[in-house]
Amino acid sequence: MNRPKITDEMILKAATRIAEKLDGDAATIAEHYRPYMDGYELARALDRYAGWDLTMSDVEELDCMDSIVGQLQREAEKKWFEENNIQPPLPIGTVITKGVITGLCEHSPGKYLVKENGCTQDGRHLLVNYEDAVAA
């Protein structure tokens with residue numbers, strides 16, 4: 001089973017939350033949103049292609065769109081992880097192509113903490129999805 005990705009449904013749900021604050025149309029916001037867009041980029045797209053006239057306050061609200069979409073994806077990942085009893089396929093200490101697995105991430109489901117090859121900074125780890133970890 002594959003890890004949940006951002007869906008059109010998630011984007012529309014986030015757009016609905018934003019549209020309520022802007023008294024705007026959620027479908028239009030969702031249509032012009034692209035992952036990792038900030039509020040200014042989204043406002044420009046809405047102005048250019050949908051004819052919206054937005055204020056700075058509106059741009060600040062639109063800036064929350066990407067964060068809401070990300071939260072919805074994390075919630076879907078957590079549900080997927082719990083419902084499918086996902087277990088790490090590689091043990092801690094395994095050398096993978098990106099470094100050495102030093103633990104499991106407590107905050108993001110299905111991710112290893114990996115000490116990157118050549119990294120000497122204490123406390124710095126890569127987060128690597130279980131399915132992306134390849135033994136070296």
Side-chain angles (χ1 to χ4, degrees):
M1 170 162 267
N2 293 330
R3 181 180 296 268
K5 305 275 188 240
I6 294 171
T7 64
D8 291 342
E9 180 182 287
M10 289 176 194
I11 292 170
L12 184 58
K13 188 173 182 178
T16 300
R17 292 183 193 174
I18 299 296
E20 289 172 357
K21 294 179 181 181
L22 298 181
D23 196 28
D25 178 55
T28 303
I29 294 171
E31 176 185 347
H32 295 287
Y33 168 79
R34 300 291 171 265
Y36 311 111
M37 262 186 159
D38 65 21
Y40 177 74
E41 293 169 314
L42 183 51
R44 284 188 56 199
L46 291 168
D47 178 50
R48 183 178 301 137
Y49 302 112
W52 287 27
D53 185 25
L54 299 163
T55 67
M56 189 60 188
S57 177
D58 296 336
V59 172
E60 289 174 1
E61 288 297 335
L62 290 169
D63 209 29
C64 297
M65 180 72 183
D66 198 57
S67 177
I68 296 169
V69 170
Q71 180 61 36
L72 292 170
Q73 182 188 19
R74 285 187 295 279
E75 289 169 6
E77 282 184 339
K78 183 177 180 187
K79 183 178 176 183
W80 161 79
F81 186 76
E82 291 170 355
E83 287 178 352
N84 294 287
N85 192 28
I86 306 296
Q87 299 298 316
L90 300 172
I92 293 171
T94 301
V95 176
I96 63 172
T97 55
K98 295 183 180 192
V100 178
I101 297 173
T102 60
L104 305 177
C105 183
E106 296 176 14
H107 306 290
S108 295
K111 294 183 190 272
Y112 291 113
L113 295 174
V114 175
K115 190 67 167 178
E116 190 174 16
N117 293 325
C119 179
T120 59
Q121 186 176 351
D122 288 339
R124 183 178 187 280
H125 292 87
L126 298 174
L127 298 180
V128 177
N129 292 339
Y130 290 172
E131 64 271 20
D132 296 334
V134 178

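Bear in mind that the values here come from a model prediction, so they are computed numbers and not experimental data. Sequential numbering from 1 along the given sequence is applied to the chain's residues.
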Would [X] end up clustered with [Y] when hydrophobic side chains under 4.5 Å apart are linked, directly or stepwise?
| X | Y | result |
| --- | --- | --- |
| Tyr49 | Tyr33 | no |
| Val95 | Leu113 | no |
| Tyr112 | Ile92 | yes |
| Val128 | Val100 | no |

Non-hydrogen side-chain atoms of [X] and [Y] separated by less than 4.5 Å:
| X | Y | result |
| --- | --- | --- |
| Leu104 | Pro88 | yes |
| Tyr36 | Val69 | no |
| Asp47 | His32 | no |
| Val134 | Ile96 | no |
| Leu22 | Leu62 | yes |
| Lys13 | Thr16 | no |
| Asp66 | Met37 | no |
| Cys64 | Ile18 | yes |

Heavy-atom pair with the smallest gap, counting every atom of [X] and [Y]:
| X | Y | value |
| --- | --- | --- |
| Asn117 | Gly99 | OD1-CA, 3.1 Å |
| Ala14 | Leu72 | N-CD1, 4.0 Å |
| Ala76 | Pro4 | O-CG, 3.5 Å |
| Ala30 | Ala15 | N-CB, 3.8 Å |

Atom [atom1] in [X], atom [atom2] in [Y]: separation rounded to 0.5 Å?
| X | Y | atom1 | atom2 | answer |
| --- | --- | --- | --- | --- |
| Glu77 | Ile86 | CD | CD1 | 11.0 Å |
| Glu60 | Thr55 | CD | OG1 | 8.0 Å |
| Arg34 | Ile6 | CZ | CD1 | 12.0 Å |
| Ile68 | Ile11 | CD1 | CD1 | 12.5 Å |

Worked check of side-chain contact (heavy atoms from CB on, under 4.5 Å) between Thr7 and Met10: CA-CA 5 Å; Thr7 64; Met10 289 176 194; 3.3 Å; yes
Got a donor-acceptor contact below 3.5 angstrom from the [X] side chain to the [Y] backbone?
| X | Y | value |
| --- | --- | --- |
| Thr94 | Leu90 | no |
| Asp25 | Ala19 | no |
| Lys78 | Ser108 | no |

Pairing residues for Glu41 by the salt bridge (charged side-chain N to carboxylate O under 4.0 Å, His left out) criterion, not counting sequence neighbours: none
So does Glu75 have more than 12 non-hydrogen atoms from other groups sitting under 6.0 Å from CD? yes
Under the side-chain hydrogen bond (donor to acceptor under 3.5 Å, both in side chains) definition, can you give me all pairs with a residue in residues 123-136, not counting sequence neighbours? Arg3-Glu131, Thr102-His125, Lys111-Asn129, Glu116-Arg124, Asn129-Asp132
